[in-house]
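All values below were derived from every heavy atom in this structure, side-chain atoms included, with hydrogens, water molecules and symmetry-related copies excluded. Each chain gets a letter, A, B and so on, in the order its sequence line appears, and its residues count up from 1.
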Amino acid sequence: VVTYNSAIAACASGGEWKKASQLIDEMRRKGLNPDRYSYTSAIHACGKARSPLEALRLLRAMETNNVVPDVIAMTACMDALAAGGKWSEAIKILDEMRSKGIAPNERTYKAAIQACGRGGQWQRALELLSRLENRASGATVQEYNCAMMACVTGGEPGRALDLLEQMKANKGGVNAGPDIVTYTSAIMACSSKGKWVRALSLLDEMRKAGPRTQPNVRSYTAAIAACGRAGKWEEAVALHSKLREEGLTPD
RNA sequence: UGAAUAGUAC
């Protein structure tokens with residue numbers, strides 16, 4: 001079984017979902033019982049291949065064959081649904097977890113938020129976030145970051161910038177302050193709004209905000225894109241040189 | 001042996 005599972009995991013890395021589910025069939029034909037690992041890898045393969053419905057099918061097949069899905073399997077399925085823009089299906093899975101008593105973890109919530117964003121449901125993403133904020137432990141930086149991206153991809157980049165402000169205000173509390181991903185996401189938000197000046201000032205703010213938020217290649221890339229989109233090619237070129245001055249290699 | 005937020009080319 002483990003041998004098969006390794007093969008299925010390899011299919012997953014390559015996004016070969018057909019091969020993956022074919023291997024599961026083969027296992028059953030040979031009298032081997034696919035386990036959680038087998039199914040989760042196959043589901044992951046569907047996610048990579050952007051075949052959300054196949055992922056759902058596999059999750060159901062798993063149940064049919066009396067392999068009880070756990071957090072990882074369910075989350076992998078939600079990730080696949082998110083990648084395919086199937087936000088309502090993803091939320092159904094989240095509810096299903098509740099009813100089955102499977103505790104969602106941070107990755108699960110991130111998948112749900114991402115699914116909402118990709119489906120253009122930024123309001124729902126924010127709703128989810130506020131539920132997390134109301135938890136005793138509050139929302140984590142990664143959950144905030146994920147919600148910011150959901151606003152950007154969901155067509156409401158202004159909200160992402162609001163979240164940045166909120167995170168800065170929370171800095172002393174239970175929640176850690178904005179990190180490098182937070183800022184880079186905010187720059188992407190500026191980019192979609194055509195606010196290249198703001199993007200540049202955020203880049204500057206990062207440098208001053210401490211060692212944890214020093215701009216990296218991705219931050220620069222986002223800022224360059226913001227300038228590029230606004231037709232500010234001179235600024236874009238200037239950023240490119242600055243990036244190299246700091247010893248970073250453009251990709 | 002399985003899942004994860006800022007890079008998948010209007």
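No salt bridge links Arg57(A) with Glu63(A); every basic N to acidic carboxylate O contact stays at or beyond 4.0 Å. In this structure, Arg29(A) does not pair ionically with Asp25(A), as no charged nitrogen and carboxylate oxygen lie closer than 4.0 Å.
Straight-line distance from the CE atom of Met148(A) to the P atom of A6(B): 12 Å, rounded to whole Å. Per the geometry, NE2 belonging to His44(A) stands 16 Å off P belonging to U1(B), to the nearest Å. In this structure, CZ of Arg118(A) is placed 12 Å from C1' of A6(B), rounded to the nearest angstrom. In this structure, Glu16(A) atom CD and G2(B) atom P are separated by 18 Å, rounded to whole Å. Rounded to a whole Å, the CD1 atom of Ile43(A) is 12 Å from the P atom of A4(B). Rounded to an integer number of Å, the gap from CZ of Arg107(A) to C1' of A3(B) is 6 Å. Taking atom CD1 of residue Ile8(A) and atom C1' of nucleotide A3(B), one finds them 15 Å apart after rounding to whole Å. One can place NZ of Lys110(A) at 9 Å from P of A6(B), the figure rounded to the nearest angstrom.
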Show me the donor-acceptor pairs, under 3.5 Å and distance only, between side chains in residues 65-74 of chain A and residues at least two apart or in other chains.
residue, atom, partner, partner atom, Å
Asn65(A), OD1, Arg28(A), NH1, 3.4
Asn65(A), OD1, Arg28(A), NH2, 2.4
Asn65(A), ND2, Tyr39(A), OH, 3.1
Asn65(A), ND2, Ala61(A), O, 2.8
Asp70(A), OD1, Ile72(A), N, 3.3
Asp70(A), OD1, Ala73(A), N, 3.0

Could you list the donor-acceptor pairs under 3.5 angstrom formed between side-chain atoms of residues 119-132 of chain A and any protein atom two or more places apart in sequence or on another chain?
residue, atom, partner, partner atom, Å
Gln121(A), OE1, Arg124(A), NE, 3.3
Ser130(A), OG, Glu127(A), O, 2.9

For residues 79-92 of chain A, which side-chain donor-acceptor pairs fall under 3.5 Å, sequence neighbours excluded?
residue, atom, partner, partner atom, Å
Glu89(A), OE2, Lys92(A), NZ, 3.4

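Between the side chain of Thr40(A) and the backbone N or O of Tyr37(A) there is no donor-acceptor pair closer than 3.5 Å. With hydrogens and angles disregarded, a donor-acceptor distance shorter than 3.5 Å links the side chain of Ser219(A) to the backbone of Asn216(A). Here the side chain of Gln214(A) pairs a donor or acceptor atom with the backbone of Gly210(A) at under 3.5 angstrom. In this structure, Ser185(A) contributes its side chain and Val181(A) its backbone to a donor-acceptor pair below 3.5 Å.
Candidate nucleotides U5(B), G2(B), A6(B) were compared by shortest atom distance to the side chain of Thr40(A), and G2(B) ranks first. The side chain of Ala9(A) lies closest to U1(B), out of U1(B), A3(B), U5(B).
Between the CE atom in Met188(A) and the NZ atom in Lys193(A) there is a gap of 15.5 Å [rounded to 0.5 Å]. Atoms CE and CG, on Met167(A) and Asp179(A) in that order, are 6.5 Å from each other to the nearest 0.5 Å. From Glu234(A), atom CD reaches atom CG of Leu239(A) across 12.5 Å, with rounding to the nearest 0.5 Å.
Only at 4.0 angstrom or more do the heavy atoms of residues 122-129 of chain A sit from any atom of RNA chain B, so none qualifies. Within residues 91-102 of chain A, no residue is approached by RNA chain B to less than 4.0 Å at the level of any non-hydrogen atom. Shown for residues 70-80 of chain A: residues whose heavy atoms fall under 4.0 angstrom of RNA chain B, namely Asp70(A), Ile72(A), Ala73(A), Thr75(A), Ala76(A), Asp79(A).
For the pair Gln114(A) and Ala83(A), nearest-nucleotide mapping onto RNA chain B gives the more 5' position to Gln114(A).
With hydrogens and angles left out, the side chain of Ser41(A) and the base of G2(B) share no donor-acceptor pair within 3.5 Å. Judged by atom type and distance alone, Asn105(A) reaches the base of A3(B) through a side-chain donor-acceptor pair under 3.5 Å.
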